[in-house]
Protein chains: 2
Amino acid sequence: MIMTPAPLISGTNAERSRMSNRQAALGQIRSAGQMGRAEIARNLGLSTQAVSNIIADLQADGLLVEAGTRSQGRGLPAVQYGINAEGGYALGVEIRPDAIFTAIVDLHGNATATRRRTLKNNEPEYLINMLLKLRAEMLEKTGVDDKRLMGAGIVIPGPFGQTGVSGLGSDLAGWQHLDAHALFEEALQLPVELSNDANAAAMSEQITTGLNNFAYLYFGAGLGLGLINQGQLVKGAFGNAGEIGHVQVMTANGPQSLESQLSRVAIQKHMNANNTIDITAIEYLFNQSDPKLMQWLDAGADALSQALALIENLFDPQSIILGGAMPAPLLEYLTTRTVLPTLSVSNREDNPHPRLQIGTCGRMAATLGAASLILNRAFTPNATSL
Amino acid sequence: MIMTPAPLISGTNAERSRMSNRQAALGQIRSAGQMGRAEIARNLGLSTQAVSNIIADLQADGLLVEAGTRSQGRGLPAVQYGINAEGGYALGVEIRPDAIFTAIVDLHGNATATRRRTLKNNEPEYLINMLLKLRAEMLEKTGVDDKRLMGAGIVIPGPFGQTGVSGLGSDLAGWQHLDAHALFEEALQLPVELSNDANAAAMSEQITTGLNNFAYLYFGAGLGLGLINQGQLVKGAFGNAGEIGHVQVMTANGPQSLESQLSRVAIQKHMNANNTIDITAIEYLFNQSDPKLMQWLDAGADALSQALALIENLFDPQSIILGGAMPAPLLEYLTTRTVLPTLSVSNREDNPHPRLQIGTCGRMAATLGAASLILNRAFTPNATSL
DNA sequence: TTATTAACTCAAATGACTTGAGTTATCAAG
DNA sequence: CTTGATAACTCAAGTCATTTGAGTTAATAA
């Protein structure tokens, strides 16, 4: 499977300008909730008239709805516009070796339908058929016209391609040499965004928090890092950026991989569990204040602290967000136990954001993140290929 | 000093489209060396006529020159255009606590004049006056019209602002709370790009290598990391991304900071030198195969190997480039001694680029890099504020 | 020698934005 | 309560940069 770095810089003409301006206007409205035309025009450096035309278009396309008027001081009150949740939908998909998760997400970012199926195998044909069936089911249930589906965001386990960290358990058997992107686009007949779990979850967090320079630590089976720089995902040359699990940290037992200290699998191992411990089981143990789990959390906090120092000094983010398939209270507890590193460029007074915070938690974090890859394109100029 | 993340997304109109297309056309020509109009049009997705108009403009502005014709197969031979080196210049500046380096660089990236002065102190007024004097000197010597100066790229020692790693020796005394950007723009009456040494050097390397996803390890007094993602610098929220020197690596003497193992200061310490060892001294020692230096190199190669694993797994670059104020032969030797990590996403067969390579070396690397921050803006659409 | 091909030019058409005049509704001041 | 200032918005004309389509030119292939 090939992921080209694609530096495709393209020229601009009137039509592409309009497209770009439409997206910029939508982006403004989304991040503010609702807005008037004159304000959008000021923010984008366009004339009121231009924005009026654009808004009229968007409204005709069903992407916007009027939302009353608002007056601030003198002058004619501004007619407010908001995103029409039903104006468009994104298909979010997470594929794991053992299961597939899907969701239909509206323009407000709310899931209107979700599905979860266990997988018998990872053969492309089986998987694609499953995916098509789930899409059809969800579309029927929600009554969404499939013309309103803007695209599919698909999370598949990294690393992409055959690399030095392949075959360590999490990747999809038999997919290393496939062009998954083309395969999915062909099957779904939709624009597709491929990504790993951490990047997808990070993108979704960008939308909800409004941050545009941050790092996202995603707890899946292992541990992944999603990086957002200037609002853009840092995917790396082959889409494999963020493989933080293999980074070494110091422990009482000498240097170990971060993933072996801080992940669901690490918990499993620490608890000497024979079968997989999932998020529900972890939540139960945490609510019981299970001594072994609490012990693990202390060691985990130490590893996390080292990871923070690393991320902060390499990336200087506004904030580091924890999320993924872990119970929120556990991550909350983990943050309170974690020492924020002193020797760090993020150790400064004038950052208005917390250095460490909790984001979206739960099983569907990556699936919703996948959908947000598509939503993001609708709201960001020049993001067609990211 | 405040560096805003500046997510300013702006709308597009006819004039801004033209500006963007001009830059895109220049970028095409630069990366290809020379090109015909029809080819540019195809690459940018514009009509031939549009590109013809743009090229005529650029030629009238003195940014392009005709460079003969080229025929490939049938059809009218294409008139080729190339960048006119004298069409514009950038001022490159590196400020260190003890010295200032400046250069005037033409559109081909060649330095037409350079200066180096030691600094008595770091007071803003003294520094600015020195800078103005050097600029005047260089402009006079080269006969460059100061209207042709497109801007100034200025490298100042990080970290920016008062952080947890400030006051460790390298930063400019008394500058933490100044708005350096405004200060320089006011004094020079030019657009200014501020950056740390590693980022500037990385940008310059992007231009010479054509890579757009890579990491650059910059050997200054310490060690810095410059990251380029999708052709864009990863600066971090406060401009302090890439502080890799403080990252911990394993050594025979337990965990140590990377900078203590792999930097000019580390050499100094290892050699038990009382006075600073500069690049010339290091080159001499290396040519003598000085046993202590060679011993240091072995330990350094080990530290470098760990740094590579880290960078590769976090950023998945096309390549990692070594450069800066070190003798090229020493870095060459270092690369041959460095084990490329196995457990890395970069350990793959299908990457056409070497995982580790040497870039620009020498005292002026950061200064020329600073200038390239300005040159880059001229050749990249939407890069006005990076 | 001739047909084909591709780069390029000219002039008209198109698309999207800007400009400027005019309308409307709110707030503030008298 | 009236009046004036203000700001959002609309309409119509103007501007800018691009596209389109009909030539023109020069090289190569047949």
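Proteins come first, then strands; the chains are lettered A, B, ... in the order of their sequence lines, and each starts at number 1. Side chains included, hydrogens not; waters and symmetry mates left out as well; all remaining heavy atoms used.
- At distances below 3.5 Å, at least one donor-acceptor pair connects side-chain atoms of B:T208 with backbone N or O atoms of B:E205.
- Heavy-atom distances under 4.0 Å link DNA chain D to no residue of residues 62-71 of chain A.
- Remark: A:N13 is not in phosphate contact with D:dA17, judged by side-chain N or O atoms under 4.0 Å from OP1 or OP2.
- In this structure, A:R16 atom CZ and D:dA17 atom P are separated by 16 Å, rounded to whole Å.
- Taking all atoms of both residues into account, the shortest heavy-atom contact from A:A241 to A:N199 is O-ND2, 4.4 Å.
- Residues B:A378 and B:M150 approach most closely at CB-SD, 4.2 Å, considering heavy atoms.
- When atom types are taken as modelled, the side chain of B:R135 and the backbone of B:L188 share a donor-acceptor pair closer than 3.5 angstrom.
- If A:G73 and A:L46 are placed on DNA chain C by their nearest nucleotide, the residue sitting closer to the 5' end is A:L46.
- With hydrogens and angles disregarded, a donor-acceptor distance shorter than 3.5 Å links the side chain of A:Q318 to the backbone of A:N212.
- What separates CE of B:M19 from P of D:dA17 is a distance of 11 Å, to the nearest Å.
- Of the possible donor and acceptor atoms, none in the side chain of A:H181 sits under 3.5 Å from a partner among the backbone N and O of A:L194.
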Should B:S17 and A:S17 be marked as a side-chain hydrogen bond (donor to acceptor under 3.5 Å, both in side chains) after you check the CA-CA gap, both sets of side-chain angles, and the distance that decides it?
-> CA-CA 7 Å; B:S17 281; A:S17 281; 2.9 Å; yes
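- Within the 4.0 Å cut-off from OP1 or OP2 of D:dC16, not a single side-chain nitrogen or oxygen of B:R18 is found.
- With sequence neighbours excluded, the residues that form a ring pair (Phe, Tyr, Trp, His ring centres under 6.0 Å) with B:F184 are B:W175.
- Distance CE (A:M35) to P (D:dA8): 12 Å, rounded to an integer number of Å.
- Only one option out of B:E39, B:M35, B:Q23 pairs with B:Q28 in a side chain to side chain contact (heavy atoms under 4.5 Å, CB included); it is B:M35.
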The contact string for nucleotides 6-13 of chain C, one letter per nucleotide 5' to 3', using protein heavy atoms under 4.0 Å with B, S and - for base, sugar-phosphate only and none, comes out as BBSBBB--
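- Contact annotation: B:N53 side-chain N/O to D:dA17 OP1/OP2 distance is not under 4.0 Å.
- Rounded to whole Å, the distance from CG on A:N21 to C1' on C:dG15 is 13 Å.
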